[in-house]
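Below is one structure, written out as structure tokens, with a few remarks after it.
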Amino acid sequence: MHCFRHRNLMTFADPLLPAEKRQLTRLAGDLVRWAGTDGRHFPWRLPAATTYEKIAVEVLLQRTTANAVGRFYAEFFARFPSWEALADARPEELETFLKPLGLWRRRAVSLLGLARYAAKTNGLFPTDPRLHRDIPAVGQYVSNAILSFQHQQRTPLLDVNMARVIERFLRPRRLADIRYDPWLQAASHWFVRRGDVQSANWAVLDFAAIICKARTPLCTSCPVNTRCAYFASL
DNA sequence: AATTCGGGGCC
DNA sequence: GGCCCAGAATT
């Protein structure tokens, strides 16, 4: 029994140090409080937004600024109010519709593939993320969004922004790819471990967009700079 | 695990 | 003009 437990721990060792866990928990609380006053507001975060909207908008958000999607949101979901409406769209019309947002060719393919899948399953996605592998336009990020928005699971919306915040605050990841770095995966999951998952996810995304920006982070006005490793190294 | 894809927005 | 953006698909 002891041998098995030991080997198990060695194989699946928790990559997070206890100190890192404490810092992430405290960071999450601070950022949620910060977002309560300084966070952004988008239509897909409102209670009125359907699960369809919350998931479909993730495709609109890919490699695109959230503000641009915010301007585009109302007309898009007025024209395509359901998976079925989106699945029945003519590809040419969808492409034309998406042009103001950019990446319209690729996005049209993604949205149509995703909508045709979802229309067949009545908008229900599998609970097991391994079954998301073959769904068009669903990578790790959208998979986590599905698990979070449809199945109420504690999954982080881990993208370049959440990664940047965590890495600056604690330490850089070791692997190049966000999806395969065990430490970053564990850290992002720990970040959303307590409290409201969506609030924590949105808080860190807003914080990354407004304060902890990629190029010129506003460290002097950062609410957590006294504990930030990046700020300490400046 | 690294490269490719790919277009508006912003500095 | 170069870099950034709520990544996915491909090799």
Side-chain angles (χ1 to χ4, degrees), chain A residues 31-32 35 39-46 49 51-73 75-77 94-118 125 129-150 155-168 172-185 188-189 191-192 197-218:
Chain A
L31 294 192
V32 168
R40 300 180 295 179
H41 301 279
F42 295 113
W44 55 91
R45 297 182 180 180
L46 297 174
T51 304
Y52 155 67
E53 292 177 56
K54 288 182 177 175
I55 294 174
V57 77
E58 297 298 344
V59 178
L60 302 182
L61 284 160
Q62 286 170 10
R63 311 304 289 169
T64 307
T65 57
N67 287 329
V69 178
R71 294 189 289 270
F72 186 74
Y73 187 87
E75 55 176 323
F76 182 85
F77 286 101
L94 187 56
E95 287 185 346
T96 303
F97 210 95
L98 291 168
K99 277 186 180 174
L101 202 58
L103 297 173
W104 49 274
R105 236 187 293 267
R106 167 173 305 211
R107 229 190 288 269
V109 173
S110 296
L111 282 171
L112 272 180
L114 182 60
R116 285 169 180 163
Y117 172 92
F125 292 89
R130 289 172 297 184
L131 301 178
H132 293 176
R133 182 177 296 269
D134 296 325
I135 304 174
V138 177
Q140 192 201 63
Y141 180 89
V142 177
S143 178
N144 281 344
I146 289 170
L147 295 178
S148 167
F149 294 131
Q150 183 164 74
T155 51
L157 294 181
L158 178 58
D159 68 330
V160 289
N161 297 295
M162 185 184 289
R164 182 175 64 250
V165 172
I166 291 175
E167 291 182 80
R168 276 181 179 159
R173 64 178 180 269
R174 307 229 194 275
L175 301 185
D177 197 314
I178 290 172
R179 297 168 295 171
Y180 299 119
D181 188 283
W183 178 83
L184 186 55
Q185 288 290 329
S188 63
H189 275 85
F191 185 85
V192 296
V197 188
Q198 300 190 11
S199 298
N201 275 321
W202 290 332
V204 69
L205 292 177
D206 290 354
F207 178 73
I210 295 171
I211 302 291
C212 199
K213 299 188 291 182
R215 261 187 288 194
T216 53
L218 308 181

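Worth saying up front: this structure is predicted, and the values here are computed from it rather than measured.
- Nucleic acid contact for A/Val142: sugar-phosphate only, since backbone atoms but no base atoms lie under 4.0 Å from a heavy atom of the residue.
- Using a 4.0 Å heavy-atom cutoff across all strands shown, A/Leu205 reaches at least one base atom of the nucleic acid.
- Scanning residues 99-107 of chain A for heavy-atom distances under 4.0 Å to DNA chain C yields A/Arg106.
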Which atom pairs, one a donor and one an acceptor, fall under 3.5 Å between side chains of residues 95-105 of chain A and the rest of the protein, sequence neighbours left out?
residue : atom : partner : partner atom : Å
A/Thr96 : OG1  : A/Glu92 : O            : 2.9

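- Within the 4.5 Å cutoff, the side chain of A/Phe149 has no heavy atoms near those of the A/Thr155 side chain.
- Going from atom NE2 of A/His41 over to atom C1' of C/dA6 covers 17 Å, rounded to whole Å.
- At whole-Å resolution of the value, CG in A/Asp177 and P in C/dA8 are 11 Å apart.
- For C/dA6 and B/dA2, the C1' atoms lie 23 Å apart once the distance is rounded to whole Å.
- Between the CG atom of A/Leu157 and the C1' atom of C/dC5 there is a distance of 15 Å, given to the nearest Å.
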Side-chain donor-acceptor pairs under 3.5 Å in residues 137-147 of chain A, sequence neighbours left out?
residue  : atom : partner  : partner atom : Å
A/Gln140 : OE1  : A/Gln185 : NE2          : 3.4
A/Tyr141 : OH   : A/Glu58  : OE1          : 3.4
A/Ser143 : OG   : A/His132 : ND1          : 2.8
A/Asn144 : ND2  : A/Pro156 : O            : 3.1

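- You'll find the side chain of A/Phe125 stays beyond 4.5 Å of the side chain of A/Thr51, heavy atoms only.
- Qualifying side chain to side chain donor-acceptor pair (under 3.5 Å) partners for A/Arg168, counting only residues two or more places apart in sequence or in other chains: none.
- The distance from atom CD of A/Gln140 to atom P of C/dA9 is 13 Å, rounded to the nearest whole Å.
- Put simply, OH on A/Tyr180 is 11 Å from C1' on C/dA9, counting in whole angstrom units.
- Taking the side chain as every heavy atom from C-beta outward, A/Met162 and A/Asn201 approach each other to under 4.5 Å.
- As rounded to whole Å, 17 Å separates atom C1' of C/dA8 from atom OH of A/Tyr117.
- Contacts between chain A and DNA chain B, taken as any atom within less than 4.0 angstrom of a protein heavy atom, begin and end at B/dA1 to B/dG8.
- Partners of A/Arg45 according to the salt bridge (Lys or Arg N to Asp or Glu O under 4.0 Å) rule, which considers only residues two or more places apart in sequence or in another chain, are A/Asp206.
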Show me the donor-acceptor pairs within less than 3.5 Å that the side chains of residues 208-216 of chain A make with the rest of the protein, sequence neighbours left out.
none

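- As judged by a 4.0 angstrom heavy-atom cut-off over every strand, A/Glu58 is placed among the base-contacting residues.
- Residue A/Val69 is out of contact with every strand shown, counting any heavy-atom pair closer than 4.0 Å.
- Here A/Arg116 pairs with nothing under the salt bridge (Lys or Arg N to Asp or Glu O under 4.0 Å) rule; sequence neighbours left out.
- In terms of position along DNA chain C, the nucleotide closest to A/Arg45 lies nearer the 5' end than the nucleotide closest to the other residue of the pair A/Arg45 and A/Ala137.
- Listed pair A/Asn201 / C/dA6 fails the phosphate criterion, with no side-chain N or O lying under 4.0 Å from OP1 or OP2.
- Annotation: side chain to side chain contact (heavy atoms under 4.5 Å, CB included) contacts of A/Ala163 (sequence neighbours excluded): A/Leu158, A/Glu167, A/Arg173, A/Ile178, A/Leu184.
- The distance from atom CZ of A/Arg71 to atom P of C/dC5 is 16 Å, rounded to the nearest whole Å.
- As a whole-Å value, the separation of A/His132 NE2 from C/dA9 C1' is 18 Å.
- Within the 4.0 angstrom heavy-atom criterion, only backbone atoms of the sugar-phosphate kind lie near A/Arg164; the bases stay farther away.
- A residue-by-residue look at A/Gln62 and A/Arg215 shows that A/Arg215 has its nearest nucleotide of DNA chain C further toward the 5' end.
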